[in-house]
Amino acid sequence: MTGNFLVLDAEMQIDVLKALASSARIRMLKLLQSEGGMNGNDIARMLELPQSTVSTNLQILEAAGLVRTETRKARKGNQKICFAIYDKVMVTLENGGAAENSNIIDVSMPLGLYTRCEVSAPCGLCSTTGVIGLLDVPGSFLDPGRMNAGLIWFTRGFVEYQFPNNAKVLGRNVEMIEFALELSSEVPGTLADWPSDITLSINGRDAGTWTSPGDFGDERGLYTPSWWKLAGSQYGRLKTWSISTDGTFIDGVKVSTVSIADLDLSNHHSIRLRIGVKETARHPGGINVFGRGFGNHDQDIQLRLHMA
């Protein structure tokens with residue numbers, strides 16, 4: 001099972017269910033999923049809907065985390081381009097499930113869809129078109145515009161994401177779980193020699209720490225937008241945490257004895273990923289997390305479940 005896959009808990013995610021409870025919004029999601037990014041006028045034309053109806057329903061879908069938007073230049077001024085975040089949505093009940101032949105489930109999490117955060121300045125967020133909120137103001141991490149974030153940075157603290165535990169929904173056991181994301185240290189400007197201990201935790205359990213060597217700015221990131229100054233962080237290293245029966249590995253190197261059994265995935269409806277720099281870190285050099293539209297890897301945070 002590949003692509004962006006979302007499982008909705010019928011009780012816990014009622015707001016998302018309400019957003020889906022509209023034939024117009026379903027048609028809009030199907031159109032965006034099949035056609036890719038589109039502006040509101042094109043959506044209205046292709047679906048033969050009033051532009052005002054499309055605008056209102058896009059706001060509902062975006063608020064529910066089902067659609068993301070980007071601002072791009074047009075012939076006259078700017079235009080907002082809309083994208084469907086998920087390719088597939090499954091709604092389940094308490095003891096529900098579905099048969100699935102594949103032994104792998106991939107889920108892609110947009111950078112701005114964190115469910116909790118505690119960060120310290122210097123910090124900030126930006127989309128592919130500009131800064132979100134105010135720089136060095138931790139409160140900006142609660143700005144609704146964070147949904148469009150392609151780059152986030154902070155000195156200490158964490159951001160936490162809640163992934164659906166699709167293996168539990170399918171009644172399958174997990175043999176290995178992987179997270180892949182692009183990371184670097186964070187310093188005002190850039191500095192190649194600026195180590196930082198970046199820790200990944202799953203369901204409250206510290207899995208492993210990677211020491212980033214620095215904040216990279218020697219050349220522009222392959223996907224970093226042109227408006228982002230060269231004096232700022234340009235790209236990171238794509239790192240993969242793997243937790244199996246044998247322990248936790250970062251890019252294939254064992255870093256801890258925390259195993260898949262320690263995560264107790266069968267008793268959790270969601271998988272909580274926390275990434276950050278601890279107050280007790282030996283090298284508290286901050287963190288940059290690069291998402292779509294920034295860095296050298298045009299991707300969101302990737303989760304992969306390997307099932308028995």
Side-chain angles (χ1 to χ4, degrees), residues 1-93 96 98 106-115 125-133 140-150 152 161-164 166 169 270 291-293 298-301:
M1 184 180 300
T2 59
N4 298 341
F5 181 68
L6 174 66
V7 172
L8 294 178
D9 185 302
E11 182 178 5
M12 299 300 293
Q13 295 170 286
I14 191 67
D15 56 332
V16 183
L17 285 176
K18 288 180 178 179
L20 291 169
S22 162
S23 60
R25 291 194 286 274
I26 293 295
R27 292 173 63 203
M28 291 165 63
L29 286 173
K30 287 184 175 181
L31 179 64
L32 291 173
Q33 196 278 332
S34 63
E35 299 295 329
M38 299 179 66
N39 63 35
N41 290 333
D42 288 339
I43 295 172
R45 175 177 53 81
M46 293 190 69
L47 297 181
E48 298 182 344
L49 292 172
Q51 202 281 331
S52 59
T53 298
V54 169
S55 179
T56 298
N57 284 291
L58 282 174
Q59 291 178 13
I60 294 172
L61 291 171
E62 186 174 7
L66 296 169
V67 163
R68 65 180 179 88
T69 61
E70 295 180 5
T71 302
R72 296 181 179 177
K73 291 184 177 180
R75 291 183 179 180
K76 296 182 179 179
N78 296 322
Q79 62 176 336
K80 182 179 288 188
I81 305 297
C82 305
F83 300 85
I85 294 176
Y86 299 103
D87 302 308
K88 301 176 183 178
V89 178
M90 178 187 295
V91 181
T92 67
L93 302 176
D106 289 327
V107 182
S108 180
M109 180 67 71
L111 207 61
L113 293 186
Y114 46 83
T115 54
L125 315 87
C126 59
S127 69
T128 55
T129 58
V131 172
I132 298 169
S140 289
F141 273 65
L142 300 178
D143 190 305
R146 75 178 191 272
M147 306 290 283
N148 298 316
I152 61 176
Y161 300 85
Q162 192 166 357
F163 287 80
N166 296 337
V169 171
S270 64
R292 287 193 180 276
D298 192 29
Q299 68 169 54
D300 299 314
I301 299 174

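On a predicted model such as this, the values are computed, not experimentally measured, just so you know.
- Not a single ring pair (Phe, Tyr, Trp, His ring centres under 6.0 Å) links Y161 to another residue, sequence neighbours left out.
- Among all heavy-atom pairs drawn from G65 and L113, the shortest one is O-CD1, 4.4 Å.
- Nearest heavy atom pair, residue L111 against residue G291, reads CD2-N, 3.6 Å.
- Listed by chain and number, the residues in a side chain to side chain donor-acceptor pair (under 3.5 Å) with Q162 are S270 (sequence neighbours excluded).
- Residues passing the side chain to side chain donor-acceptor pair (under 3.5 Å) test with T129 are S127, sequence neighbours excluded.
- C82 pairs with exactly one of L29, V54, V67 by the side-chain contact (heavy atoms from CB on, under 4.5 Å) rule, that one being V67.
- In this view, I26 and L20, K30 satisfy the side-chain contact (heavy atoms from CB on, under 4.5 Å) rule, not counting sequence neighbours.
- Between atom CE of residue M28 and atom CG of residue L66 there is a gap of 11.0 Å, rounded to the nearest 0.5 Å.
- For the atom pair OG (S140) and CD1 (I152), the distance works out to 13.0 Å, reported to the nearest 0.5 Å.
- With rounding to the nearest 0.5 Å, the separation of CZ in R292 from CD1 in I301 is 12.0 Å.
- Sorted by first and then second residue, the pairs that involve residues 44-61 and meet salt bridge (charged side-chain N to carboxylate O under 4.0 Å, His left out), not counting sequence neighbours, are D42-R45.
- Scored by the side-chain contact (heavy atoms from CB on, under 4.5 Å) test, R25 finds S22, N57, I60, L61 as partners (sequence neighbours excluded).
- In this view, Q79 and N39, A74, I81 satisfy the side-chain contact (heavy atoms from CB on, under 4.5 Å) rule, not counting sequence neighbours.
- Here the NZ-CG distance, from K80 to N41, works out to 12.5 Å after rounding to the nearest 0.5 Å.
- Separating the CE atom in M147 from the CG atom in L125 is a distance of 12.5 Å, to the nearest 0.5 Å.
- Applying the side-chain contact (heavy atoms from CB on, under 4.5 Å) rule to E62 yields the partners T69, N148; only residues at least two apart in sequence or on another chain are considered.
- Take R72 and apply the salt bridge (charged side-chain N to carboxylate O under 4.0 Å, His left out) test, not counting sequence neighbours, and it matches E70.
- Expressed to the nearest 0.5 Å, how far CE of M38 lies from CG of L31 amounts to 4.5 Å.
- When side chains are defined from C-beta on, V169 does not count as touching P164, because their heavy atoms never get closer than 4.5 Å.
- Residues L49 and R27 share a closest heavy-atom pair of CD2-NH1, 4.1 Å.
- Counting only distance, with no hydrogens or angles, the side chain of S55 and the backbone of Q51 share no donor-acceptor pair below 3.5 Å.
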